[in-house]
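The structure appears below as structure tokens.
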Protein chains: 2
Amino acid sequence: MTTISRALSDHHSIGPATKQKVLKLAKKLNYQPNHLAAALRKGKSKLLGVVVPYIEGRFFPSVVHGIESAASKAGYSVIICQSNEDVAHERKNIETLLSAQVAGILVSLSRTTLDFKHFDKVRKRGIPLVFFDRTMEGDNVNAVVLNDRDGGFQSTKHLLQQGCTRIAHFAGLQHLNIYKNRRQGYLDALQLYGLPHDEELIVYCDMTLEEGMAGMRRLLELPNPPDAVFSAGDSSLLGALQLLKQRNIRVPQDVALAGFSNEGFTAITEPMLTSVDQRCEEMGQAAVRLFLELVEAKGSTFSHRQVVLQPELFIRDSSLHQNK
Amino acid sequence: MTTISRALSDHHSIGPATKQKVLKLAKKLNYQPNHLAAALRKGKSKLLGVVVPYIEGRFFPSVVHGIESAASKAGYSVIICQSNEDVAHERKNIETLLSAQVAGILVSLSRTTLDFKHFDKVRKRGIPLVFFDRTMEGDNVNAVVLNDRDGGFQSTKHLLQQGCTRIAHFAGLQHLNIYKNRRQGYLDALQLYGLPHDEELIVYCDMTLEEGMAGMRRLLELPNPPDAVFSAGDSSLLGALQLLKQRNIRVPQDVALAGFSNEGFTAITEPMLTSVDQRCEEMGQAAVRLFLELVEAKGSTFSHRQVVLQPELFIRDSSLHQNK
DNA sequence: TTGTAAGCGTTATCAC
DNA sequence: GTGATAACGCTTACAA
């Protein structure tokens, strides 16, 4: 038995002849290793758990794609769970993954997660935990995030450079780091250009098409409406575009637009939409890389680590004020 | 030990008092069940393997979403693998899933899969195998598919009803059931209207934007160009639309367009694109349901079964010949 | 109703 | 370099 095991797992202390014989017979008998048994014995599986709020749109599918590719290269299989933007569900997902004896867990928080106790158990068990995109605040977490603040900054600065002077912002839920930071970047840019922080111009809403339309409608009713909108999401920006078109307000001449996520449709609308790319695939890969580092460093005094990816602004017609 | 096991798994023959005591202590001690050990002992895990060609666009992410939801409801965790449209990779995926001792496997074939030997092992081991969308031919498979032929038929018939008389077709790889059937539906409709099968009007290409543009370009060079295009995919149709716009050819007045997949962007283009919806979520759910039936029927003489979902044509402006 | 003991397929330890 | 033995955490005959 031992010999067989050694032959199959490329162990030292085994004669090359014996090894060949074993391998040959294994193939002939159609031997199938049982990872479960190995995991049980070793106390370490080759399963990697992933929890995402949902699997739709461009972002999460792409990140998952990146995760799966990188994990698979390192010999790990990926277990996917959806929290459906619900903490209770998220808690259950974590429980499930722990029971499945995963080697590590990658999480992007649900929007209803305000309490983080369910992650204590993961840490206590010494299982590598990496957040991506939507993360817990604090230094004692491992996380891969986008520099959302810089994304908001770049985008807004670009609008300012185009000559816009009254820039509105569609802001998402402020308890989520990503939306908070995008808003902060927006404010940074305004300040750099000496413009006031005007809460009247900030619309707090969900980043959906409908709420984008509603938000734009509200902004147009202002005594002094904006000449640009920076949205923390693309769908809401699309809503704004559609409303503006309905009212025959020209984009970008009357109102310039810039969004966030670089969704596929931004290159299809007329005009095409300027947007910040989130490096989805890279984020997935980086998360796996960080996980692998944590596995390597097991037991040693590996301190927590944040990986920050640099966003890239894709400038398209919706923000180019050629005719202004 | 037995008592503990019984208490935790809601077994009969256990005193309610003992059971409560056990559960209480378990909670207090932060007991975490080990599914791996249970799976090893029982010879059956609660893991469900899924192999898809890739995780992008609208279709596969949505199907995976559906699978995950349904599986999770039935107590299964989902392991995702990508074949990257490569048989070799697909073979490896299957191997991995078998080693992980999954309870079942759901597969959508890679486009390079022409040989199916790697699935024999799955069957031989008695592991439920369900294909979805891209499936093996034959009666001895379990599969959930869309009625692609009817989708092609409906779409083409709709174009004919709009008064089109020279309808071209962007056809995908013909060894894949889905593309073969969409083409067949197209031919069915032509025949119904007494129109000839004209190979000149069929462009065999990848369903990408670029190839759609190229295909449309080729069709326009015909001595007698088409007055409509039915594409087996939406991206290639978008390519056609863009080319037509470049050349100031009106859609739908000069050339009507209809596609397949009901991608998100079909409701955003101008004009919006008519397309066939593939019921992605339902397909995922149906695949899981079929898998669960196979588990139930274990050992009994459950014959193979095909589930066919009915597509739905979403009619939008790109195909409405109001002005013809 | 409860307890005992065996075994699922591996691998780590130790002796040869 | 090879082989016997135990153990990982759980379930399930079977005995009490």
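Chain A is the first sequence line, chain B the second, and so forth, proteins listed ahead of strands; every chain is numbered from 1.
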Can I get a per-line list of side-chain donor-acceptor pairs under 3.5 Å for residues 124-136 of chain A, giving both atom names and the distance, sequence neighbours left out?
residue  : atom : partner  : partner atom : Å
A:Arg125 : NH2  : A:Leu98  : O            : 3.2
A:Arg134 : NH1  : A:Glu85  : OE1          : 2.9
A:Arg134 : NH1  : A:Glu85  : OE2          : 3.4
A:Arg134 : NH1  : A:Leu109 : O            : 3.1
A:Arg134 : NH2  : A:Glu85  : OE2          : 3.1

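As judged by a 4.0 angstrom heavy-atom cut-off over every strand, A:Ser9 is placed among residues making no nucleic acid contact. Here A:Ile14 lies in heavy-atom contact (under 4.0 Å) with sugar-phosphate atoms only.
Counting to the nearest Å, the C1' atom of C:dT1 and the CD1 atom of B:Ile4 are 14 Å from each other. Put simply, CG on A:Leu8 is 16 Å from C1' on C:dA12, counting in whole angstrom units. Protein atom CG of A:Leu40 is 18 Å distant from nucleotide atom P of D:dA6, rounded to whole Å. Straight-line distance from the CZ atom of A:Arg125 to the C1' atom of D:dG9: 12 Å, rounded to whole Å. Atom CG in A:Leu98 sits about 16 Å away from atom C1' in D:dG9, given to the nearest Å.
Direction change of the helix axis from one end of the helix from C:dT1-D:dA16 to C:dC16-D:dG1 to the other is 40°, with five pairs defining each end axis (rounded to 10°).
Sequence neighbours left out, the pairs with a member in residues 45-71 of chain A that pass salt bridge (Lys or Arg N to Asp or Glu O under 4.0 Å) are A:Arg58-A:Asp277.
Taken from NZ in A:Lys21 to CG in A:Leu23, the straight-line distance is 12.5 Å, to the nearest 0.5 Å.
Side chains of A:Phe60 and A:Gln82 form no contact here, defined as non-hydrogen atoms less than 4.5 Å apart. In this structure, the side chains of B:Gln101 and B:Lys44 stay at 4.5 Å or more apart for every pair of heavy atoms.
Comment: B:Asp148 does not engage B:Lys180 in a salt bridge, judged by the lack of any side-chain N to carboxylate O separation of less than 4.0 angstrom. With salt bridges taken as basic N to acidic carboxylate O contacts below 4.0 Å, one links B:Arg111 and B:Asp206.
In terms of modelled atom types and a separation under 3.5 Å, the side chain of A:Thr96 and the main chain of A:Lys92 share a donor-acceptor contact.
The listed nucleotides are C:dT11, D:dT12, D:dG9; the one nearest the side chain of B:Ser5 is D:dT12.
Across residues 24-36 of chain A, not one residue has a non-hydrogen atom less than 4.0 Å from an atom of DNA chain D.
Counting non-hydrogen atoms of other residues, nucleotides and ligands closer than 6.0 Å to CG of A:Asp139 gives a total of 12 or fewer. The number of heavy atoms from other shown groups lying within 6.0 Å of CG (A:Asn140) is above 12.
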Please tabulate the protein-to-nucleotide N/O contacts below 3.5 Å involving nucleotides 13-16 of chain D, giving atom names and distances.
none

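Map B:Thr18 and B:Ala37 each onto its nearest nucleotide of DNA chain C; the residue landing nearer the 5' end is B:Thr18. Judged by closest nucleotide on DNA chain D, A:Gly15 is the one of A:Met1 and A:Gly15 placed further toward the 5' end.
Every residue was checked against the side-chain hydrogen bond (donor to acceptor under 3.5 Å, both in side chains) condition with A:Arg41, not counting sequence neighbours, and none meets it.
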